[in-house]
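Atoms within each ligand, like the ligands themselves, are counted from 1 in listed order. If you're wondering where the values come from, they're calculated on a predicted model, not measured in any experiment. All values below were derived from every heavy atom in this structure, side-chain atoms included, with hydrogens, water molecules and symmetry-related copies excluded.
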Amino acid sequence: MPVKIEQIDACRWRIPREGAMRTEGLVFADQAMIEVLQKEQALEQVRNVATLPGIVGRSIAMPDIHWGYGFPIGGVAAFDPDDGGVVSPGGVGYDINCGVRLLRSELEVSEVRPRLKELADALFRNVPSGVGSHRRDLKLSVQEECKVLKEGAHWAVRNGFGRAEDLEHIEERGTLPDAEPELVSDRALERGRNQLGTLGGGNHFLEVQVVEEIHDEQAAAVLGLFAGQVTVSIHTGSRGLGYQVCDDSIRTMLRAAAKYGIHLPDRQLCCAPLTSPEGKQYLAAMAGAANFAFANRQLITHWVRETFEQVLGKGPAQLRMGLIYDVCHNIAKWEQHEVQGQKRRLCVHRKGATRAFPPHHPDTPALYRAIGQPVLIPGDMGRYSYVLVGTPEAFDETFGSTCHGAGRVLSRHAAKKQARGHNTETELAARGILVRAANRATVAEEISEAYKDVKDVVNIVAQAGIGRIVARLRPLAVIKG
Ligand code: 5GP
Ligand code: MN
Ligand code: MN
């Protein structure tokens with residue numbers, strides 16, 4: 001049955017409340033996107049989320065929405081613990097704290113071009129990638145791994161991977177509080193042990209980029225971005241450890257939903273009240289996995305800096321590879337929001353959605369207070385990615401959230417079919433983009449055509465006012481999983 005949807009304005013659509021829905025759905029999209037979405041199940045998932053107990057405000061979908069496990073990817077939903085609100089692993093996703101970070105540099109593209117091949121090869125060597133990728137040189141004991149789960153990016157910096165000032169520029173300063181490694185299964189710990197400091201497969205990447213267009217000079221200057229500058233983006237999450245934490249929680253959550261009498265229109269929405277032992281335990285294990293992901297991105301950052309230093313023969317003071325920001329896009333977090341004039345502590349689920357806090361918010365880093373929190377929106381390996389900042393409108397309308405990427409339009413299978421007969425690496429190389437991948441099939445699954453044009457996606461969030469475009473980045477070299 002097609003989902004009933006009403007247009008509000010050029011970039012907003014309402015799914016009216018009906019049946020078991022406790023609130024309405026709000027979808028950010030243009031007409032063309034809605035037409036595609038109506039043939040898929042993602043809108044039904046927005047509607048399903050609206051039936052969950054304790055949901056506050058609306059069940060929200062960003063323009064990069066597509067089908068996900070239970071909750072759509074590109075979804076935002078906030079829950080009130082005092083009103084029976086729930087936490088759901090499907091609202092976070094399997095890759096707990098998958099996220100993106102962006103490093104700046106003092107390098108101009110002309111300085112890097114002649115060494116690009118060497119740089120791509122060295123990055124590919126120094127940062128393990130691929131589905132089962134692991135490091136041989138970083139063996140953690142279980143005790144040490146548990147410290148990673150407690151401390152996140154702090155653990156990495158404390159052990160010499162990166163700089164103290166990096167922590168100022170990570171969402172939550174790189175550590176979610178209240179992580180309980182004891183609640184993470186042996187199997188999850190086992191899977192994570194030698195995967196710390198690895199990219200993983202498929203959609204994850206490490207990309208050397210050039211700033212090709214500045215949209216907002218003032219904000220770009222505050223972020224330290226300029227046209228022609230070389231930047232590096234890192235997209236990865238919590239690897240096998242996070243996957244296992246999510247997987248372990250599903251059975252418990254199915255039992256909990258039955259125990260607390262929560263009606264589930266789809267079993268994949270399984271959840272538990274935020275105040276229940278099951279809900280608290282999931283959040284504490286999830287925080288451990290999230291911290292693992294923060295540490296993972298921090299370690300990779302360290303090796304990226306080292307690699308640039310080696311290949312370009314320059315020191316840190318010349319390269320100035322500062323961390324602009326690190327955002328999570330698969331997470332559930334406690335945050336203060338104002339609802340109908342009242343301040344409330346809510347659990348905000350962002351699954352394939354990015355926090356986009358406004359200027360002057362205390363959680364926006366001091367350096368960026370005047371412009372808002374940086375928001376990193378990757379596009380695809382053949383076109384471009386964007387840097388945005390958060391807005392007051394996002395804070396009011398979407399719990400301070402915006403989109404997280406372009407969003408898939410082709411399944412992996414369909415993408416592979418479309419790539420047949422093409423040598424994607426050669427075609428990209430002809431356009432000045434070097435690709436290094438652990439697996440050739442991945443490259444086919446990740447062709448540009450597999451994703452929406454991220455320009456269309458960010459234009460919608462900008463038009464809706466839930467993000468402000470600062471700069472556009474073009475890929476130079478992409479390390480793929
Ligand atoms: P997800 O976390 O949902 O898998 O991916 C986030 C977004 O990253 C995708 O929606 C897509 O737009 C973008 N993306 C995937 N692969 C690449 C890549 O190789 N380079 C860039 N710049 N973006 C990518
Ligand atoms: Mn991701
Ligand atoms: Mn991921």
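At least one heavy atom of Val478 sits closer than 4.0 Å to an atom of ligand 1. Close to ligand 1: Ser385, with a non-hydrogen atom less than 4.0 angstrom away. At least one heavy atom of His235 sits less than 4.0 Å from an atom of ligand 1.
Taking the charged nitrogens against the carboxylate oxygens, Lys480 and Glu207 have no contact shorter than 4.0 Å, which rules out a salt bridge. Using a cut-off of 4.0 Å between Lys/Arg side-chain N and Asp/Glu carboxylate O, Asp216 and Arg468 are scored as salt-bridged. Classification of Arg104 and Glu106 as a salt-bridged pair holds, one side-chain N sitting under 4.0 Å from a carboxylate O. We find that Glu446 and Arg412 are joined by a salt bridge, their nearest charged nitrogen and carboxylate oxygen being less than 4.0 Å apart.
Closest to atom 14 (N) of ligand 1, if we only count protein heavy atoms, is Gly379 O, 3.5 Å. Ranking protein heavy atoms by distance to atom 20 (N) of ligand 1, first place goes to Glu207 OE1, 2.7 Å. The protein non-hydrogen atom at the shortest distance from atom 9 (C) of ligand 1 is Tyr451 CE2, 3.6 Å. Looking at atom 6 (C) of ligand 1, its nearest protein heavy atom turns out to be His404 NE2, 3.4 Å. Nearest protein heavy-atom contact of atom 24 (C) of ligand 1 is Phe205 CE2, 3.3 Å. What sits closest to atom 8 (O) of ligand 1 on the protein, heavy atoms only, is Pro378 CG, 3.4 Å. Nearest to atom 16 (N) of ligand 1 among the protein's heavy atoms is Lys480 NZ, 3.0 Å.
In terms of polar-atom proximity, defined here as any N/O pair under 3.5 Å, Ile73 makes no such contact with ligand 1. Below 3.5 Å of separation, one finds an N or O of Ala406 facing an N or O of ligand 1. Residue-to-ligand polar distances keep Arg408 apart from ligand 1: every N/O pair is separated by 3.5 Å or more.
Side-chain contact annotation: Asp453 with Tyr384, donor-acceptor N/O pair under 3.5 Å present. Side-chain contact, Thr231 with Gln209: a donor N or O sits under 3.5 Å from an acceptor N or O. Side-chain contact annotation: Gln373 with His361, donor-acceptor N/O pair under 3.5 Å absent. Of the N and O atoms on the side chains of Thr307 and Arg125, not one donor lies less than 3.5 Å from an acceptor on the other residue. Of the N and O atoms on the side chains of Asp64 and His404, at least one donor lies less than 3.5 Å from an acceptor on the other residue.
At distances below 3.5 Å, at least one donor-acceptor pair connects side-chain atoms of Glu171 with backbone N or O atoms of Cys328.
Seen from the Mn ion (ligand 2), atom SG on Cys98 and atom NE2 on His235 lie at an angle near 90° (rounded to 10 degrees). Our summary of the site lists the angle at the Mn ion (ligand 3) between OD2 of Asp95 and NE2 of His204 as 90°, to the nearest 10 degrees.
Heavy-atom contacts of His329 reach the following atoms of ligand 1: 2 (O) (cutoff under 4.0 Å). Each of the atoms 15 (C), 16 (N) of ligand 1 lies under 4.0 Å from some heavy atom of Glu446. Close approach to Gly407 involves these atoms of ligand 1, each under 4.0 Å from a residue heavy atom: 10 (O), 12 (O).
Relative ring orientation between Phe71 and His349 is described as parallel, the plane-to-plane angle staying below 30° on a 0-90° scale split at 30° and 60°.
Counting heavy atoms only, Asn203 comes closest to atom 4 (O) of ligand 1 of the residues Ile447, Asn203, Val454, Asp380.
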_Full working for side chain to side chain donor-acceptor pair (under 3.5 Å) between Asn126 and Glu306_ = CA-CA 9 Å; Asn126 295 345; Glu306 265 186 6; over 6 Å; no
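The atom of His329 nearest to the Mn ion (ligand 2) is NE2, with the search restricted to N, O or S atoms.
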